[in-house]
Engineer: 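After the structure tokens below, expect a handful of questions from me.
Proteins get letters first, then strands, A, B, ... in listed order; numbering begins at 1 in each.
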There are 2 protein chains.
Amino acid sequence: MLSFRYTEAMNAPRTARERARIELTREILQAARRQLGEVGAVGLSLRSVARELGMASSAIYRYFASRDELLTALLVESYTEIGDAAEGADDPAARPAERWLAVWRGVREWSLANRHEYALLFGTPVPGYAAPHLTTQIAGRMPLTLARITADAKRAGLLDPPPAPVCDPSAITPEMLVLLEGMAFSVDETARLILAWNRLVGVIGYELHGHLENVTADDAAFFDYTARTAAAFNGIATG
Amino acid sequence: MLSFRYTEAMNAPRTARERARIELTREILQAARRQLGEVGAVGLSLRSVARELGMASSAIYRYFASRDELLTALLVESYTEIGDAAEGADDPAARPAERWLAVWRGVREWSLANRHEYALLFGTPVPGYAAPHLTTQIAGRMPLTLARITADAKRAGLLDPPPAPVCDPSAITPEMLVLLEGMAFSVDETARLILAWNRLVGVIGYELHGHLENVTADDAAFFDYTARTAAAFNGIATG
DNA sequence: AAGCCGCAAGAGCGGTGCTCTCGTTTCGGT
DNA sequence: ACCGAAACGAGAGCACCGCTCTTGCGGCTT
């Protein structure tokens, strides 16, 4: 993570040096993000970022202690963006089925426009890089948007899940259960939400990584079909 | 791909030189596979393979023209193994629901035991490495096993899919449609099979990459739940 | 027997992450 | 106003990577 000093100074830069540090840190992050979008996480090189900024490669280490630390900063940035995309696509005034589809499409659009960032979030872990445990506040915004839609539908009496196998409560983490039980979800509803989230991320990944290349002809149409399918499975009637 | 000469000689090694070449090629592949299992695809290094075999790094290039070519060989090997795992887990005499679960579990077990190979097949593409288009014969064995089970169930009159959104036929590739229509599947049944295959691979990836870390408590149980869910969605009644 | 050709090895190129040192600049406290 | 400490940028260097080119050895074929 960024050093304590840095996050501290972010809020109140007092000296010229601190302002310069914040500025340069931001520039490094911007350049890194640009390069991430071009060559992906494993192609991202500290030396290349340094070259772009006209500084020595060793100087970068004054700002990010390692390549992993830089990746983590990009990870947080990406989680925030995909959370924004999900929440921004949600119109709480619309009907549940429309909200569900809108959020799915919003997440897909962000992912298509930021495929390397998507890979950093949900793809194969970058070898040698152990992603830190991020807070639900950061990583959970996207899945929680789906939960919120479902909860609203349930509150409105519009939830009508089809018959499905029951899920053993012990299969799911207690934290997860209490989190969603706080939204009045049952174990099975929780399990179905996990599957929906898994489905959303999975089908985008398949489209992005080309595994659906000779399988689907119209990826957008197949994605919408998938979204409606997941909505129906979670009890949100497709209007 | 491997050179024509090599594949040619595989069947009829005539000279000592050719035998030695085949033998050494096999040893390189074995060492590479071992290292793949340890450090993953992007960590796999030709120089390290050469070191393990006690030869100069440049000598490897006599056998594999590039690192990508070596990766492709490992890709084919892995597809074959996961196809074996799927087909091997299938007992055509058993009931459809049991066959379905057995195949899912077989694929999961292979994946857990070969996580880096799984990542090579279904994970984020290795940057700079463009996976070749593999034949259905190689890459399609695993998903086709699921299709076969479903087809057998349908033939026996045991297929009973729940109501679900319909899929626009134009969303799916014509080749895919004719392939599965050859097994008497409708468009919707085909779409559901694609989703099932996607789900199987996706949920394993999530378990493998740690994205379900604080979500599921008993991964095997949640996986079985997922398998039963997918079976039901595809019309295979859970016994 | 002669020559061709497959082969392994070595050196080398440009790239990577990361470390250490060195001289400079800036900041904070006296 | 000054001085020590801390921060800083640059450079050299280490061990690694994929890949190429040259060189020389030794089996294989004609």
Engineer: Both B/S58 and A/S48 contact DNA chain C. Which one's nearest nucleotide lies toward the 5' end?
Structural biologist: B/S58
Engineer: Are any side-chain N or O atoms of B/E69 and backbone N or O atoms of B/A65, one a donor and one an acceptor, separated by less than 3.5 Å?
Structural biologist: yes
Engineer: Once you round it to whole Å, what is the distance between P of D/dG9 and CG of A/L53?
Structural biologist: 11 Å
Engineer: Just the rounded figure in Å: distance from P of C/dG17 to CZ of A/F64.
Structural biologist: 14 Å
Engineer: Can you tell me how far P of D/dC17 sits from CD1 of B/I60, to the nearest Å?
Structural biologist: 12 Å
Engineer: Tell me whether the side-chain N/O atoms of A/R21 come closer than 4.0 Å to OP1 or OP2 in D/dC8.
Structural biologist: yes
Engineer: Kindly assign one of parallel, tilted or perpendicular to the pair B/Y79 and B/F122, based on the angle between their ring planes and the thresholds 30° and 60°.
Structural biologist: perpendicular
Engineer: Without decimals, in angstroms, what is the distance between B/R47 CZ and C/dC13 C1'?
Structural biologist: 11 Å
Engineer: Check every strand shown and say whether A/L44 touches a base, only sugar-phosphate, or nothing at a heavy-atom separation below 4.0 Å.
Structural biologist: sugar-phosphate
Engineer: Please figure out whether A/R17 or B/S57 has its closest DNA chain D nucleotide nearer the 5' end.
Structural biologist: A/R17
Engineer: Please check if any side-chain donor atom of A/N114 sits under 3.5 Å from a side-chain acceptor atom of A/R33, or the reverse.
Structural biologist: yes
Engineer: Measure the distance from CD on A/E69 to P on C/dG17 and round it to the nearest whole Å.
Structural biologist: 15 Å
Engineer: Give a yes or no answer on whether the side chain of A/D218 reaches the backbone of A/A221 with a donor-acceptor pair at less than 3.5 Å.
Structural biologist: yes
Engineer: Relative to the 5' end of DNA chain C, which residue comes earlier, A/L46 or B/M55, by the nucleotide with the nearest heavy atom?
Structural biologist: B/M55
Engineer: If you look at every strand shown and take non-hydrogen atoms under 4.0 Å, does B/L24 touch a base, only sugar-phosphate, or nothing?
Structural biologist: sugar-phosphate
Engineer: Below the 4.0 Å mark, does D/dA7 have OP1 or OP2 next to a side-chain nitrogen or oxygen of A/R62?
Structural biologist: no
Engineer: Let me know which of A/W197, A/F223, A/W110 forms a ring-ring contact (aromatic ring centres under 6.0 Å, His included) with A/W104.
Structural biologist: A/F223
Engineer: Can a side chain N or O of A/Y63 be found less than 4.0 Å away from OP1 or OP2 on D/dA7?
Structural biologist: no
Engineer: So, is B/R51 close to the D/dC17 phosphate, meaning a side-chain N or O under 4.0 Å from OP1 or OP2?
Structural biologist: yes
Engineer: Could you work out which one of C/dA8, C/dG28, C/dT16 sits closest to the side chain of A/T15?
Structural biologist: C/dG28
Engineer: From CZ of B/R67 over to P of D/dC17, roughly how many Å is that when rounded to an integer?
Structural biologist: 11 Å
Engineer: Give a yes/no answer on whether the side chain of B/Y61 brings an N or O atom under 4.0 Å of OP1 or OP2 in C/dC7.
Structural biologist: no
Engineer: Does a nitrogen or oxygen in the side chain of B/S45 sit under 4.0 Å from OP1 or OP2 of D/dG18?
Structural biologist: yes
